[in-house]
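Computation of the quantities below employed the complete heavy-atom set of this structure, encompassing side-chain atoms and omitting hydrogens, waters and symmetry-equivalent molecules. In this chain, residues are counted from 1 in sequence order. Worth saying up front: this structure is predicted, and the values here are computed from it rather than measured.
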Amino acid sequence: MSDITIPGVTSKVNSDKIIENLMKIERIPLERLEEKNKLSKKQKQVWQILNRKITLVRDSARKLYSFQNPFDDKRAISSDDSVLTATATRGASVGNKSIKVIEIASADRFSSKPIPKNEQVDPGTYNFFVGEKKISFNFRGGSVRDFADMINRNGKDDLKATIVNYDKDNIYFVVESKLTGSSNKLSFEGKSADFALQTGIMARSQSSNRAINISNENIKEWTAPIDKEAYTIDGNSLTLKSGKELKIDINPQIVTNTSNSENMILEFNIVVKNLLEKDIPVHTAPAGPTLPEPGKATFDNIVIQNNPFGVPVSAWQPPAIPEKITDMSVVFLGAGNKTERLSDLQDNEETQRIQIPLNQIANPFSSINIRNRNTSKEITISNIRIYNPEERGDIVPSNPASKASDAIVEIDGIRVRRSSNIIDDLLPEVTLNLRAPGSRNIDIRVEPDLETIKENIIAFVGNYNDLVAELNILSRNNEEIVNEITYLSEEERKSAMERLGILQTESSITQIRDRLQRIMSAPHRWNEDNFLTLLSQIGISTNSGTAGGAGISRLRGYLEIDEKKLDAEIEKNASSIKNLFGFDKGSNMVIDSGAAFEVDNYLRAYNETAGIISLKISTIDRDISKTDTEITNYNKKLARIEQDLKKKYGAMEGALQELEKTSSSLQNLSPNNNSR
């Protein structure tokens, strides 16, 4: 039974093998199409990689000559970063400024007394204020943690609550403003005030504020007589004229050594006004005595005139020009049995807010004395008051961790206040970041950002070398090209080997490399005396001074950087280097020359929209699409051929089996059967 065959299953002639071999021959054109498509896809990927590298070179080139070039960047350097840092924009002026940080701005941060963890907060409407901003919400009641979460959800950028564990049974409830400055004080209203009092965040105020009015009744002479011409009063403001003095009586006097005065502040505003030349009094000659007419007599039309009266008057001698006096020791306090001199005022016309803790004034506080010895200035004092800055209505913080206050800095002898520690309106195009008070002046130096200039130049050269390496890889089938590139990872090296020489028939690849080399080595003349016109003059060339002869890598067009030379040239000639990379040769406010400009301008034709590389990729895409269609159609054809072969060989095997049957039947006819 071993010789039995089943058509389509077994075959003595091995038709399956025959069909397989025939189909291998038929598939040869298909394999060629697939190989062609594989190569096309690889070439497309190669062009895309080249396009990305060209884009990097163009981007780094534009950074060296566009309006955002680093040669106009500035940086601000602080002599003490722990006190003050600064940043400068491109428009900042180069120079030094001396700044003293007196105080930094802070925000209100209040803590409760220890309260039980299971403390419950009553339901109701809770109102908080941060300066003029109102934070209001309805709380349905719950734990202190629930209440803190509700504050944080509604407070957002203005208000924050925190729970701090005190021990296993008690916690601290901390509420704080997120906004600094004395104008952003945290205050409570209604249910919020009740909660603050209940938890010990706030307490009832025991002090009373007092405004000190200015009127003729409380203006008194000090050490010299005064008259009505010495000063003027406008509302609650008094202006003392040049060379005058007076005192403002405090009646009744203020006791300064009680517990109620502990947090009280004496505050008033001072303005020093410089008089114009025309406003300074000028002494002129007196008019002298007025004499009557001498008289006359007339007789027969004859007029006889009396002699004029003769009064001997000595020649007028103008008074000596007074010495010009500038004395900013102006304000004194009458306190106890003496007069205390305050610090000198600043000699500028800015409003100066004077604040003195009441408990630092001798008891009792009885007067504010002003002496204006200046020959060309008027002194104005206004808004005198004694108050507790911590009061929020009739309550004050019990445990303030920090208090809302302004930043105070002194610049050019002028003391200024700001509500934030980020100040951008003192120095043009410079932002100050206050970090801590300092006891000495901090120097802020604004200078060109030489480090950024260097980084951008190095980035340009690096991207340029990466592009040259890619052009060498694509245009030459030499493994040494890949091996001499030391910065490639193992995976990148393997990929580079696969791309090696893949575009060696493309003449444009060699043209790009040769043209770039000419641009980078050619002079770029932007001035008449040809000063600094070559990149090699700033340490950038194919032979930057490294020991040894002209290596193979240099002959391939790679650039090297002599970093010391580059640093020195940037420090000395930053503006000239800017012109070397990009210059307005036509004086039409458009950059039209320079190494970076020419590199960008030349490569634009290759990777811009509808550029050379884009057209190459489009052509490859069409070829891939066409080949894909041919592959699909040929696969259908092969399926038909294979089916036909199977049918034909199946029929052949069937016929052979029929013949074998017939042969077997004939062989079974023995001689015995024939005789019968």
Side-chain angles (χ1 to χ4, degrees), residues 15-57 466-485 488-516 556 603-649:
S15 59
D16 287 344
K17 187 66 175 177
I18 295 171
I19 292 171
E20 182 182 343
N21 291 333
L22 290 173
M23 288 306 298
K24 283 183 179 178
I25 297 172
E26 293 291 341
R27 286 193 181 93
I28 290 175
L30 176 64
E31 291 170 353
R32 289 174 180 166
L33 288 172
E34 289 175 340
E35 193 62 32
K36 177 186 175 183
N37 228 11
K38 183 179 178 182
L39 179 61
S40 295
K41 290 178 180 179
K42 189 174 180 180
Q43 288 178 333
K44 176 183 177 180
Q45 184 183 30
V46 164
W47 282 111
Q48 289 172 331
I49 292 172
L50 181 61
N51 191 52
R52 287 196 294 271
K53 292 182 182 294
I54 289 176
T55 298
L56 289 174
V57 173
D466 198 28
L467 175 59
V468 170
E470 186 66 21
L471 295 171
N472 286 329
I473 290 169
L474 300 180
S475 62
R476 299 178 186 179
N477 195 5
N478 182 355
E479 291 186 2
E480 286 301 316
I481 292 174
V482 177
N483 292 333
E484 69 192 17
I485 304 174
L488 295 178
S489 66
E490 197 59 40
E491 185 177 345
E492 290 171 334
R493 190 177 302 280
K494 181 180 177 182
S495 176
M497 286 293 188
E498 293 173 355
R499 302 195 304 275
L500 199 61
I502 195 171
L503 298 181
Q504 56 187 330
T505 59
E506 285 281 349
S507 60
S508 60
I509 300 298
T510 304
Q511 290 173 1
I512 295 173
R513 185 186 61 234
D514 294 344
R515 176 62 178 148
L516 289 177
R556 299 197 200 283
L603 292 176
R604 181 182 294 113
Y606 285 89
N607 83 325
E608 66 183 350
T609 304
I612 294 172
I613 294 179
S614 177
L615 293 176
K616 291 279 187 184
I617 293 174
S618 297
T619 301
I620 293 172
D621 281 338
R622 287 194 296 271
D623 288 344
I624 292 172
S625 178
K626 180 181 177 182
T627 305
D628 282 340
T629 302
E630 291 177 0
I631 290 172
T632 301
N633 293 336
Y634 204 84
N635 274 321
K636 292 178 181 178
K637 179 181 177 181
L638 289 175
R640 290 195 301 269
I641 291 173
E642 187 175 10
Q643 190 65 30
D644 289 343
L645 288 173
K646 286 180 178 179
K647 284 180 180 179
K648 288 176 181 179
Y649 277 89

> Which distance, rounded to the nearest 0.5 Å, do you find between the OG of Ser475 and the CD1 of Ile502?
Replying inline: 12.5 Å

>> For Glu608, give me all partners under side chain to side chain contact (heavy atoms under 4.5 Å, CB included), at least two apart in sequence or on another chain.
In response: Arg604

>> Using the rule given for side chain to side chain contact (heavy atoms under 4.5 Å, CB included), can you reason through Tyr634 versus Ile631, listing the C-alpha separation, both sets of side-chain angles and the distance that settles it, and then say yes or no?
In response: CA-CA 5 Å; Tyr634 204 84; Ile631 290 172; 5.8 Å; no

> Any side-chain heavy atom of Glu642 within less than 4.5 Å of one from Leu638?
Replying inline: no

> So, for Tyr606 and Gln511, which heavy atoms are closest and what is the spacing to 0.1 Å?
Replying inline: OH-OE1, 4.3 Å

> For Glu498, what residues pass the salt bridge (charged side-chain N to carboxylate O under 4.0 Å, His left out) criterion, not counting sequence neighbours?
Replying inline: none

> Rounded to the nearest 0.5 Å, how far apart are CZ of Arg27 and NZ of Lys637?
Replying inline: 13.5 Å

>> Set out, in order, the CA-CA distance, both residues' side-chain angles and the distance that settles side chain to side chain contact (heavy atoms under 4.5 Å, CB included) for Met497 and Asn483, then state yes or no.
In response: CA-CA 9 Å; Met497 286 293 188; Asn483 292 333; 3.6 Å; yes

>> Quick one: does any side-chain atom of Asn21 pair with a main-chain N or O of Lys17 as donor and acceptor, under 3.5 Å?
In response: yes

> Shortest non-hydrogen contact from Leu488 to Ala496?
Replying inline: CD1-CB, 4.4 Å

> Any donor and acceptor pair, going by atom type alone, linking the side chain of Arg493 with main-chain N or O of Ile485 inside 3.5 Å?
Replying inline: yes

> Name the one of Lys24, Glu26, Arg32 that satisfies side chain to side chain contact (heavy atoms under 4.5 Å, CB included) with Ile28?
Replying inline: Arg32

>> With rounding to the nearest 0.5 angstrom, report the CG to CG distance, Leu467 to Leu516.
In response: 6.0 Å

>> Determine whether a donor-acceptor pair (N or O, by modelled atom type, separation under 3.5 Å) exists between the side chain of Asn472 and the backbone of Val468.
In response: yes

>> If I compare all heavy atoms of Leu603 with all of Ile54, which pair ends up nearest, and what's the gap?
In response: CB-CG2, 3.8 Å

> Which residues satisfy the side-chain hydrogen bond (donor to acceptor under 3.5 Å, both in side chains) test with Thr619, sequence neighbours excluded?
Replying inline: Arg622

> Just by modelled atom types, is the Glu506 backbone N or O under 3.5 Å from a matching donor or acceptor in the Thr510 side chain?
Replying inline: no

> Measuring from Lys648:NZ to Ile19:CD1, what's the distance to the nearest 0.5 Å?
Replying inline: 11.0 Å

> Can you name the side-chain hydrogen bond (donor to acceptor under 3.5 Å, both in side chains) partners of Ser507, sequence neighbours left out?
Replying inline: none

> Can you tell if the side chain of Leu39 reaches within under 4.5 Å of the side chain of Gln43, non-hydrogen atoms only?
Replying inline: yes

>> Before you tell me yes or no, could you show the steps for Lys42 and Lys38 under side chain to side chain contact (heavy atoms under 4.5 Å, CB included), namely the whole-Å CA-CA distance, both residues' side-chain angles and the distance that decides it to 0.1 Å?
In response: CA-CA 6 Å; Lys42 189 174 180 180; Lys38 183 179 178 182; 5.8 Å; no

>> Can you tell me how far apart CG (Asn37) and NZ (Lys41) are? Round to the nearest 0.5 Å.
In response: 5.0 Å

>> Counting only heavy atoms not in Glu480 (residues, nucleotides, ligands), do more than 12 fall under 6.0 Å from its CD?
In response: no

> Which residues pass the salt bridge (charged side-chain N to carboxylate O under 4.0 Å, His left out) test with Lys626, sequence neighbours left out?
Replying inline: none

> Hey, are the side chains of Ile620 and Ile624 touching, using non-hydrogen atoms and a 4.5 Å cut-off?
Replying inline: yes

>> Would Glu470 and Arg499 count as a side chain to side chain contact (heavy atoms under 4.5 Å, CB included) here? Give the steps.
In response: CA-CA 9 Å; Glu470 186 66 21; Arg499 302 195 304 275; 2.8 Å; yes

> Got a second to check how far Leu503's CG is from Ser508's OG, nearest 0.5 Å?
Replying inline: 8.0 Å

> Has Glu31 got more than 12 heavy atoms of other residues, nucleotides or ligands less than 6.0 Å from its CD?
Replying inline: yes

> Which heavy atom of Asn607 sits nearest a heavy atom of Asn51, and at what distance?
Replying inline: CB-OD1, 2.6 Å

> Who are the salt bridge (charged side-chain N to carboxylate O under 4.0 Å, His left out) partners of Asp621, not counting sequence neighbours?
Replying inline: Lys44

